[in-house]
Amino acid sequence: MNTSDSEEDACNERTALVQSESPSLPSYTRQNDPQHSTTEPKRRRHANSDSEAGCVTHGGVGTATEREPGHGPDGEDEELTLKYGAKHVIMLFVPVTLCMVVVVATIKSVSFYTEKNGQQLIYTPFTEDTNSVGQRLLNSVLNTIIMISVIVVMTIFLVLLYKYRCYKFIHGWLILSSLMLLFWFSYMYLGEVFKTYNVAMDYPTVAMIIWNFGAVGMICIHWKGPLQLQQAYLIVISALMALVFIKYLPEWSAWVILGAISVYDLIAVLCPKGPLRMLVETAQERNEPIFPALIYSSAMVWMVGMANPSQASDTADRSAGRYWHRYCLRISPLIRRRVKLGLGDFIFYSVLVGKAAATGEDWNTTLACFVAILIGLCLTLLLLAIFKKALPALPISITFGLVFYFSTDNLVRPFMDNLAAHQYYI
Amino acid sequence: MTAAVFFGCAFIAFGPAFALFIFTIARDPLRVIIFIAGAFFWLLSLLLSSLVWFIAMKASNAEDTKVQKGLLIFGVMFSVLIQEVFRFAYYRLLRKANEGLAAISDEETSPISVRQMAYVAGLGFGIISGAFSMINILSDSLGPGTVGIFGDSQYYFITSALMTLAITLLHTFWGVVFFEGCEKSRWWVIAVVVCLHLLVSGLSLLNPLYEGSLPPVYAVTVLMAVWAFFSSGGSLHNLSLLFTSKRSEVESS
C-alpha cells in the first residue's frame, strides 16, 4: 500500500531532519571570552537532535547560554545555572505534557490508531502473528535490529552529508519531510477524527483547512513565525509522528525498539566516535549552527550571533531569535538561556505514553508512565546542569517509563482493581 | 446523565486539590518539580506494596476468598506503612536538596522553605493518590452502565469521590504535620500521623457501610486541617488579622 512508501519518504526526510540537529556542543563555560560576545555565536551550546519516523532517532538535551561580557567568575555561573534550571525544566515539562495529552486523547477517542490490520512499516518486516512466544520474541528482536541499523545508517549518511557541505540536499530533505507531515498526515488525522465523531464534511472545506494548516506550518517552521505558533506546530507534528508509530509498530517490537533506541541514544551522544558527537564537533569547528529547524526551543529562546548571515539555515528559530535579540539585549543584561529538546525525544516519550494508553481500559498505567517520564526529564536536566555537556534525553526517561509501564500494568493494576471493587482506600 | 455524574464526581474529588495546585504551585517552577517528585515517590511506594501483595496473593490459594480478602487487608495496611516510609525518605531528600539550594544561592537561604516543601510534597502525594483511586472510576462513570445492578450500593460514585477528596486533603495535611514533626524531632507526631493514616484506611474497610466510614474520615480531615494550620505557624491571631485587615481595606476603598 502507499503507506509503506510514504513512510519511507517520511523516514528519509525525517532522518535528514533529525540528523541535522546536533547534540549539545561541549561546554563553553570554560572558553568564555567576553570580548567576542557580540561577534560570534560563542557561548552557545546547542541542544539536540530528534528522531523521526521510524528511522533515525537521537535524543538529546542541551542548554544554550549566553553571558554578558564581564560577568562574574564561574561560581556565580553555577548559581545562576541552577536557579534558572527549574524554570527550564518547567519550560520543557509543558510542551512534553501537551504532546502526551494530544496523543493520549487521540488514542482514547479515535480508534483508528489502535486498530491493527496487519499493515506494518517496511522497517519492521517480521510479523508478530505467530503462535509461539519464542517466535514472537525473536521476530520483535529482529525487527528492532533492522530498525536500529536503518537509523544508524541514516545517521552516518547525514553526518557525511553535513561533513561534505551538501546543505542544499539536507534542506530539500527537511522541507519534503515537513511537507509530508504537515499535509498528508494531518489530512489523515483529520479524516479519522471526522469519522469518529461522524461529522459530515465536504472536500473543499477540508482542502481549505489542510492548506491553511500546512502552509502556515511550513512558514512557521522553516522561515519566520511567532515563537508560540512554531512551538505549537512542533508539538503537533511530534504528536502526529508518535501516532503513526503507535499504529504501525507491532506490540512487542515497539517496546523492544524503545529500549534499543535509548541505548543507541546513549552511545551516539556520549561515545567519542558516535555519529552525533562527530556532527557536533564538525559544527563546532566550522562555528556554525546546525539546522535547528526541528528542535523545540523553550520560551526564552534567543539566538545570539545568528546575526551571522553566511550560514545556510534560515529558520524561524533564527529569525525569532534575531527579533528577540534586539529587545532582550537592552532589557535584561543577565544571562539569557535557552533549553532545547529534540523532537525525537518528544516523539518517543509520546509513543511510550500512547502505547500505555492504548493497551486496555486502565488509566493508572498511563498516569504512572507520564510521571515517570517527567521525572526522567527532570533528572536529565539536572545532570545537564551538573555536567554541562550534551546529554541524551531518552535513556533515563524511557527506562523509568518502561519500568513503570510493566510494573503498573502487571502489579499495581490488579491491586488497585481489587481495592476499588471493595472501596478500600490506601 | 452519565456526563453529569462524571463532571460532578470529578469536581468533588479533584476540585479543591486542583484549585490548590493552580493557585499556589503552578506559578513556581521549583514547587512544580517538588510536586511531581512527590507524586513519583508515592508511585514508588505503591509499586513496592503492590509487589508484596502480588507475591503474597500468588503464593496463596486463589480460590479461597477469605484468604484473599485477608491478604487484601494486609496489603492495605502494608501499603499505608510503606507510604509513610517513603514520605520520610522524601523528607530526607528534600532536606538535602534544600541545603544544596541554600549553599548556591546568593542570599544564604534557600528559595523555598521546608514548610512550603512540606505542603507541596503533601499535595503531590494527595493528588496522585486521589488520581490513582478515582480515575478509573471516573472513566467508568462515563460509559453506559447501571450502578449496583448486582445489589451493590447506588451511591458508589459519589462516595468514592467524597472519599478521594478526603484522602487528598488528608495527605496534604499529613505532609505538613509530618515534615514539621521531623524538623523538630518530635517522633510522637510521626507516630500519630501513621496511626491516623492506618485509622482512615481501616475505616474505609467498613465500606459499603458509608455511615461508618465517611463521617469519621471527614472528622479526621477537619482535625488534621486544624492541626496542620497550627503546626505551620498559623494562629487565631493571624486569622483575626485576616478578617480585620479585610474590613479595613473595605473601609478605606
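Reminder, nothing fancy here: chain letters follow the sequence lines and each chain counts from 1. Side-chain atoms are counted along with the backbone in the values below, which use heavy atoms only and exclude waters and symmetry mates.
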For a quick test of reading the model, state the closest non-hydrogen atom pair linking [X] to [Y] and the distance between them.
| X | Y | value |
| --- | --- | --- |
| K69(B) | Y424(A) | CE-OH, 3.0 Å |
| F132(B) | A368(A) | CZ-CB, 3.9 Å |
| A131(B) | L367(A) | CB-CD2, 3.5 Å |
| A86(A) | P29(B) | O-CB, 3.4 Å |

Heavy-atom side-chain contact between Q423(A) and Y210(B) under 4.5 Å: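 Yes, close enough: below the 4.5 Å cut-off.
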
Verdict with reasoning, L44(B) to F404(A), per side-chain contact (heavy atoms from CB on, under 4.5 Å): CA-CA 9 Å; L44(B) 283 177; F404(A) 270 79; 3.8 Å; yes

Output the distance between atom [atom1] ([X]) and atom [atom2] ([Y]), rounded to the nearest 0.5 Å.
| X | Y | atom1 | atom2 | result |
| --- | --- | --- | --- | --- |
| I426(A) | L198(B) | CD1 | CG | 12.0 Å |
| S139(B) | N364(A) | OG | CG | 9.5 Å |
| L138(B) | W363(A) | CG | CH2 | 10.5 Å |
| R413(A) | F54(B) | CZ | CZ | 10.5 Å |
| F415(A) | L71(B) | CZ | CG | 10.5 Å |

L411(A) portion near chain B, given a 4.5 angstrom heavy-atom threshold: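 Both parts, backbone and side chain.
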
Atom CZ of F406(A): over 12 foreign heavy atoms under 6.0 Å: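 Yes, the 6.0 Å shell around CZ holds more than 12 heavy atoms from other groups.
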
Neighbour count >12 (heavy atoms, 6.0 Å) for atom CD, E63(B):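 Incorrect, the count does not exceed 12.
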
Of S213(B), S133(B), S129(B), the residue whose pairing with Y425(A) passes side chain to side chain contact (heavy atoms under 4.5 Å, CB included):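 Between Y425(A) and the candidates, side chain to side chain contact (heavy atoms under 4.5 Å, CB included) is satisfied uniquely by S133(B).
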
Which portion of [X] sits near chain A, non-hydrogen atoms under 4.5 angstrom:
| X | value |
| --- | --- |
| L205(B) | both |
| Q83(B) | side chain |
| I128(B) | side chain |
| F40(B) | both |
| F41(B) | neither |

If you count heavy-atom pairs under 4.5 Å with chain A, which of [options] comes out on top?
| options | answer |
| --- | --- |
| L30(B), V32(B), V80(B), L46(B) | L46(B) |
| I33(B), V200(B), I135(B), D140(B) | I33(B) |
| I36(B), I55(B), L203(B) | I36(B) |
| L51(B), D28(B), I137(B), L72(B) | L72(B) |

